[in-house]
Amino acid sequence: MNSEIEKPEGVSLRPIPETAVNIYTPKNTFDATVVSKRRINHPSSPNYDWHIVFDIDGCDMEGKYRIGQSIGVIPAGRFNDPALNQIHRGLNSKVRLYSIASASWGDSWDGKTVSICVKREMSEDPVTGQLVFGAASNYICDAKPGDKVQITGPVGKNFLLPDDPLEHDFVFVATGTGIAPYRGMLIELFNAGVERDLWLIFGVPYSTDVMYEADFRYFEKTHSNFNFITAISREQRNAKGGKRYVQDVLVEKESELIPLLQKQSTMLYMCGLKGMENGIYQWLAKINSDLISIPEGLDAKAVQELARDAAEWPIIERTRNKERLLKETY
Ligand code: NAP
């Protein structure tokens, strides 16, 4: 039993609230307290990915946010110091949005916490060779239990679970920290007793980067309707000898996924890097899925040959079936 993802005895599941947005804004923030933080990828990974739990007891957001929404964080302290901003890509109080990674009732089951998942952004300035830190991500990853953090939100109305989640099958596709909302969604679905099929296809560079792996392996062990597949781009090869990406897993598993996606009750979610969209649209075109429409003058074969920056991609994106193909990509 893992009491963070599986309802402890005696706890009743809280109802999923109506969708509320912008309860807190940059002009009206809430001071959340850091309850805990833990690394969620392998300790030997060169990436630092953290799960951070905030206490929101007494906040108007308590019990009012939904999984699939995001909260904003306003960096402070040294990451918002104008003297350091040149180095630290200063945000000057600008809000950075992070997807909520806990179920709508929080990791505490009572709605009094909200959790996010954050990867430290670090790179070198190509001109000066100086180390460059992402201001918000390093601010959050440096925070200690007890610290106050200004938050805003919730925001987002389009990347939610449907109101009747148990009547749907789900195919969740993530790259990198785009995994965040699926953790909360899976916790909600499994604790509500979902019997339909659930797929989680998760792409990361190295096997040490698979976030929340223990949680997903636990669900895999305890729920035979859950399929969890990782695409480790820099360690595995696809059938053509290239990097194995999430869209390659869709191809590998299409004998199961095509009939699943033909059901009008199946939802497909994409979260993470914008770049993965084209590959997924190409696969959907190839299998003749009604989740997308092929622009006039093209056919499924021509979609496979579209350049990465082709003008047709935004058309495919705009005309997708927005009821069943949901995306949160950057
Ligand atoms: P990452 O660790 O670099 O992993 C991304 C994976 O996707 C890598 O395996 C990468 O492979 C692969 N990839 C690259 N191009 C691809 C393509 N065209 N098709 C399919 N896969 C591709 O990712 P990250 O740095 O965490 O970035 C995740 C993104 O999610 C960010 O843009 C972030 O803003 C966004 N996001 C974050 C949150 C959050 O709450 N933190 C929520 C939603 C979305 P290679 O690098 O080996 O090519």
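Whatever order the structure lists ligands and atoms in, that order sets their numbers, starting from 1. Residue numbers count from 1 along this sequence.
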Are there over 12 heavy-atom neighbours, none belonging to [X], within less than 6.0 Å of that residue's [atom1]?
| X | atom1 | result |
| --- | --- | --- |
| Glu323 | CD | no |
| Lys157 | NZ | no |
| Tyr218 | OH | yes |
| Asp163 | CG | no |

Look at [atom] and say which protein heavy atom is nearest, naming residue and atom and giving the distance to 0.1 Å.
| atom | value |
| --- | --- |
| atom 6 (C) of ligand 1 | Gly203 O, 3.6 Å |
| atom 23 (O) of ligand 1 | Gly176 CA, 3.5 Å |
| atom 41 (N) of ligand 1 | Cys117 O, 3.2 Å |
| atom 24 (P) of ligand 1 | Lys119 NZ, 3.7 Å |
| atom 22 (C) of ligand 1 | Tyr245 CE2, 3.5 Å |
| atom 40 (O) of ligand 1 | Ser99 N, 2.9 Å |
| atom 19 (N) of ligand 1 | Gln247 NE2, 3.1 Å |
| atom 27 (O) of ligand 1 | Leu273 CD2, 3.8 Å |

Between [X] and ligand 1, does any nitrogen or oxygen pair lie at a separation below 3.5 Å?
| X | value |
| --- | --- |
| Ala231 | no |
| Val118 | no |
| Glu328 | no |
| Thr177 | yes |
| Val204 | yes |
| Ala180 | no |

Would you give the length of the straight line joining atom [atom1] of [X] to atom [atom2] of [Y], rounded to the nearest 0.5 angstrom?
| X | Y | atom1 | atom2 | result |
| --- | --- | --- | --- | --- |
| Asn278 | Arg308 | CG | CZ | 8.5 Å |
| Asp110 | Trp105 | CG | CH2 | 12.0 Å |
| Leu326 | Leu291 | CG | CG | 10.5 Å |
| Leu186 | Ile5 | CG | CD1 | 9.0 Å |

Report, in ascending order of atom number, the atoms of ligand 1 lying under 4.0 Å from any heavy atom of [X].
| X | value |
| --- | --- |
| Gly178 | 30 (O), 43 (C), 44 (C) |
| Thr175 | 5 (C), 6 (C), 7 (O), 21 (N), 28 (C) |
| Ser233 | 8 (C), 9 (O), 10 (C), 11 (O), 45 (P), 47 (O) |
| Met276 | 17 (C), 18 (N), 19 (N), 20 (C) |

Between [X] and [Y], is any side-chain donor less than 3.5 angstrom from a side-chain acceptor?
| X | Y | value |
| --- | --- | --- |
| Asn47 | Asp209 | yes |
| Glu328 | Ser99 | no |
| Thr113 | Asp107 | no |

- [ ] Of the side chain and backbone of Tyr330, name the one, both, or neither that has a heavy atom under 4.0 Å from an atom of ligand 1.
- [x] both

Task: Shortest reach to atom 46 (O) of ligand 1 by a heavy atom, considering only Arg234, Met211, Met270, Lys243 - done: Arg234

Open item on the list: If we only consider heavy atoms of Gly279, is any one of them less than 4.0 Å away from an atom in ligand 1?
Closed with: no

Task: Close aromatic pair by centroid cut-off 6.0 Å: Tyr212 and Tyr182 - done: no

Task: Ring centres under 6.0 angstrom apart (Phe228, Phe219) - done: no

